[in-house]
Amino acid sequence: MVKMNQVCYRTLDMPEPWRLATYEAAGGYQVWRKILQEGTPRDQILEEMKKSSLRGRGGAGFPTGLKWSFLNPNTPGQKYLVCNSDEGEPGTCKDRDILRFNPHQVIEGMAIAGYVMGVTVAYNYIRGEFYEPIERFEAALKEARAAGLLGVNLQGSGVDFELHMHIGAGAYICGEETALLESLEGKKGYPRFKPPFPASYGLYGKPTTVNNTESFASVPVILSKGPDWFLEEGIPNNGGPKIFCVSGHVNKPGNYEIPLGTPFKDLLELAGGMRNGRPLKAVIPGGSSAPVLLADTMMNITMDYDALAKAGSMLGSGAVIVMDDTTCMVRVLARLAHFYSEESCGQCSPCREGSGWVARIVHRILHGEGKPGDLELLDNVAGNMMGRTICVLADALAMPVQSFIRCFRDEFEYFIQHGKSLVDGGKLR
Amino acid sequence: MMTQSKPGLSARAKAEIDEWLKKYPADQRRSAVIPALHIAQDENGGWLTTELMNEVGDYLQIPHVAVYEVATFYSMYELKPVGRHKISVCTNISCMLADSDGIVRCLKDRLGIEFNETTPDGKFTLKEVECLGACVTAPVMLVDKTYHEKLTPEKVDHILSELE
């Protein structure tokens, strides 16, 4: 039996889980109150965070404790903390439920992070379409301020921490942390050149740390149950449970918060198994940017950062997109290519032109107008997009393109030769 | 008698923008442009006129072009009139695997319009959008400010019939 919902979703089964009283009944704000009362040494918290092996839940999997150590709490001047709730990676919908059902845990996590890094002003950037989460988070902020958990000289401790909500307006690219900072400054979401990294030049040019919603929400539980507990819930180098958003051809799609290192077949079972009992064909294991993996690989893999990387894909945001044998992979790639070409910010030519080019080629294959040589062309365009742009959006398309062609070359070739799908009889959009 | 509403940002809209401005450093009024445009758009029946964008720019003390840049970059802003209800249907991968095609067909049938069109009575505008971030309850659409999840054609019919 897999243990579920122990960290970010710990309030899920309680009545009105988004309320302060509910969160406190679940043990919430104990860590933050203790810090305010006792002035826990910053280094001690930082060491515990490092020991927990929490890795960034937004997609990159960078160790959170290490990231926090890049911001020197003693640097004079304003510093900022930003939560990235611009959830938009296709397949991913875990942060939406954290914000809707457990917003206080994000607040507490951010407050603790702010304390460790000596930051007094923070923002939570929530995507604009998330009307319900926005409402819930704003209400939670009000409750936390009224309870003296946010503001100045909290509980007489001399610690200040103010947290504001900011909203987006529809742009996938703003999930990239420097584009998010530009957006928060009131500009187009154009990713910045790095270096300098946000830790030295972030929001308004000040030192800034950006973490994902799920990362922040993990912090209070790591510190209350201890880093050893968290680490042991997962596997070495992959601490803790992680939320997996299982979508596609399963009987019970859903958000499952389970230990890292859980075998995929157990996760599939939790999600009710394959819809209509059909055979599994392929899985995109970490959001649309992650290379696709075949059924055989998936049925023998554990869901953690290292195992998926070793298999040539990535855990990414934890979005597990399951596809059965009726799925036409040409069609799936055409939809993904359309997405990336829509969402390319247009700043770098290889991405702006390349994504459109890829989308048009796959589109013409899907509409029976593919030409011999199209696959080589696609591979070539994808190769020329990789690693040549300011941010990784180009790579996020190039990787699926190459992996789809590698894994399903016969399907693409059949479509080019016969003008119809090998799988679903040439059904078009 | 019909009353002609005064064009431009209302006092209430400005007061709302002021609330947002409190969140940012005093010399960073530009940070409020995204929320300010949402407020302006909401007040103007769901779309932004050039005059409104200019007024937002003036109110935030930033160049008009800085407002246009934002209004044209982000997908939630409309620069042409829309219907009373905006239906944004997701067709990205998780929704596609859950037959968003069937939902799109149903919507186009019932409304008699294609994407980016408005019904002749000005009631509905239909848009195709990228991932709405509700993939485990696919297929999904956003109607005005409400998510509708696990859609079926029957559910779509019901939702449409409930809208004034």
Side-chain angles (χ1 to χ4, degrees), chain A residues 78 87-97 121 123 127-132 162 164-172 174 183-190 204 245-249 252-255 271 284 288 319 321-324 327 331-332 335-336 338-339 342-343 345-346 427 429, chain B residues 19-20 22-25 27-39 41 56 60 62 66-77 88 90-98 100-101 104-105 127-140 142 144-147 149-150:
Chain A
Q78 189 64 59
E87 184 167 56
E89 173 82 3
T92 317
C93 53
K94 63 195 177 62
D95 298 336
R96 175 175 180 241
D97 280 359
V121 181
Y123 297 94
R127 67 177 288 182
E129 296 90 340
F130 275 0
Y131 294 100
E132 191 186 16
E162 191 46 272
H164 304 286
M165 186 187 67
H166 186 84
I167 54 173
Y172 169 69
C174 291
S183 181
L184 187 40
E185 292 180 3
K187 302 169 193 163
K188 288 184 286 190
Y190 271 8
Y204 309 129
C245 318
V246 186
S247 68
H249 297 145
K252 288 193 326 193
N255 285 326
I284 300 175
S288 62
I321 303 164
V322 178
M323 293 171 278
D324 70 18
T327 314
R331 200 163 165 254
V332 173
R335 186 62 188 86
L336 291 180
H338 174 77
F339 167 69
E342 280 285 309
E343 298 295 338
C345 79
K427 202 165 61 184
R429 277 190 74 192
Chain B
E19 286 303 307
W20 282 93
K22 286 179 190 165
K23 303 178 177 194
Y24 315 106
D27 60 347
Q28 299 290 348
R29 295 174 66 88
R30 186 175 182 172
S31 275
V33 67
I34 286 180
L37 285 172
H38 280 308
I39 293 165
Q41 175 163 291
V56 165
L60 297 179
I62 59 175
V67 183
Y68 307 157
E69 272 189 10
V70 168
T72 53
F73 186 83
Y74 295 91
S75 65
M76 289 176 74
Y77 301 123
S88 307
C90 175
T91 59
N92 210 308
I93 180 161
S94 300
C95 284
M96 185 182 101
L97 295 174
S100 55
D101 279 6
V104 169
R105 248 192 330 270
K127 297 195 79 177
E128 179 180 33
V129 293
E130 294 304 339
C131 186
L132 286 168
C135 317
V136 302
T137 49
V140 180
L142 173 65
D144 302 325
K145 297 185 175 183
T146 307
Y147 273 57
E149 302 166 51
K150 295 187 178 177

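Values below: all heavy atoms of this structure, side chains included; hydrogens, waters and symmetry mates excluded. This structure is a prediction, so every number in the text was calculated from the model and none was measured. Protein chains get the first letters and strands the later ones, always in sequence-line order, with residue 1 at the start of each.
With a 4.5 angstrom heavy-atom cutoff, A/I167 touches chain B via backbone and side-chain atoms both. Proximity to chain A (any heavy atom under 4.5 Å) is shown, for B/A134, by both the backbone and the side chain. Contacts of A/C174 with chain B are made by side-chain atoms alone, with heavy-atom separations under 4.5 Å and no backbone atom involved. Contacts of A/V322 with chain B are made by backbone atoms alone, with heavy-atom separations under 4.5 Å and no side-chain atom involved. The contact between A/T327 and chain B is made entirely by side chain atoms (from C-beta outward), counting heavy-atom distances below 4.5 Å. Both the backbone and the side chain of B/L132 come within contact range of chain A, each with at least one heavy atom under 4.5 Å from a heavy atom of that chain. Of the atoms belonging to A/E343, it is side-chain heavy atoms, and not backbone ones, that fall under 4.5 Å from chain B.
The aromatic rings of B/Y24 and A/Y123 sit parallel to each other, their planes meeting at less than 30°, with 60° as the upper class boundary.
Within the model, atoms OG1 of B/T137 and CZ of A/R96 stand 5.5 Å from one another, a figure rounded to the nearest 0.5 Å.
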Check the pair A/E129 / B/K127 against salt bridge (charged side-chain N to carboxylate O under 4.0 Å, His left out), numbers first and verdict last.
CA-CA 14 Å; A/E129 296 90 340; B/K127 297 195 79 177; over 6 Å; no
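The two residues A/K188 and B/Y74 come nearest to each other via the heavy atoms C-OH, 3.6 Å.
Between B/S31 and A/Y204 there is a side-chain heavy-atom pair separated by less than 4.5 Å.
Take A/Y131 and apply the ring pair (Phe, Tyr, Trp, His ring centres under 6.0 Å) test, not counting sequence neighbours, and it matches no residue. With sequence neighbours left out, A/F339 forms a ring pair (Phe, Tyr, Trp, His ring centres under 6.0 Å) with A/Y172.
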